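Shown next, in structure tokens, is the structure this report addresses.
Whatever order the structure lists them in is the order used to number ligands and atoms, beginning at 1. This one's a predicted model, so the numbers in the text were calculated from it and none came from an experiment.
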Amino acid sequence: MLKIGCHLSISNGFHKAIQEAVSIGANTFQFFTRNPRGGKAKDLDPKDIEGLKKIIEEYDFAPLFAHGAYTMNLASKSENTREFARMILKDDLIRLKEISNSYYVFHPGSHVGQGSERGIELIVDALNDAIDKDNDTIILLEGMSGKGTEIGRNMEELKAIIDGVKYNDNLGICIDTCHLYSSGYDIVSNLDGVLDEIDRTVGLDRVKAVHLNDSKTEFASNKDRHEVIGGGTIGKDAIIDIINHPKLRNLPFNLETPNELEGYKKEIEFLRGEYR
Ligand code: ZN
Ligand code: FE
Ligand code: FE
């Protein structure tokens, strides 16, 4: 069965989010661990997370995805910003232990002019500080579109981060179809070639999840503008090939398309119908 869901808010609790997920035919979902702009995380309500495991099992959910705040920049030039990001990362990882079967996804960061080599060094240092040998949470670096000074604009950068982390057994990547296409990986006319390229660099076994988005901008634009499925430059056919590809079809897919619940429901229905 296709593992597919979308981004949902947990501001009204996990039970509400799970109900929503079930109501739109999702069997995974992604949520922000805190306000997407960063800031303080609401304490998890023990009543709300109690029984979560049972519900997740009952509905046969794939892993859930906690997404780190967009403002978290482990590669910042400012020591304060870096420290704040490192604190958020550690705190998120502690909180995630309470939520069964959840992965952590985050944007590696932006080097803001210091150069990608220095940026990668800072990210590696933060991860080595946060991940000890007992870590059992799957942590995923998201591949980025390459806007501004983003790190993770290509597989080589993601690989360099993974290689720098001492306890990297549970460190992998999340590919985002919009970001891949925008950063110059032609998943529309050469999906097999792109997957080979990923395999030669980070290794396909490191790819643990997919963000399924169409893109508003042209190939290799280095922009990050998500579009609804079939409404953008990637298009329906390429997206259908992606969810069915033997090397991807068993991964969990999450939609981050510009949609309300009803729109997500339609996209999930459509994609389930196209899953062979
Ligand atoms: Zn993301
Ligand atoms: Fe994404
Ligand atoms: Fe994005």
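Angle OE2(E142) to the Fe ion (ligand 2) to ND1(H211), rounded to 10°: 90°.
Counting only heavy atoms from C-beta outward, the side chains of D192 and H245 approach each other to under 4.5 Å.
Put simply, C174 stays out of reach of the Fe ion (ligand 2), with no N, O or S atom under 2.8 Å from it.
The minimum distance between the Fe ion (ligand 2) and any N, O or S atom of D176 involves atom OD2. Nearest N/O/S atom of E256 relative to the Fe ion (ligand 2): this is OE1.
Remark: R153 does not engage E150 in a salt bridge, criterion side-chain N to carboxylate O under 4.0 Å.
Atom NZ of K16 sits in a sparse spot, with 12 or fewer heavy atoms from other residues, nucleotides or ligands closer than 6.0 Å.
The structure places CD1 of I173 at 15.0 Å from CD1 of I139, a figure rounded to the nearest 0.5 Å.
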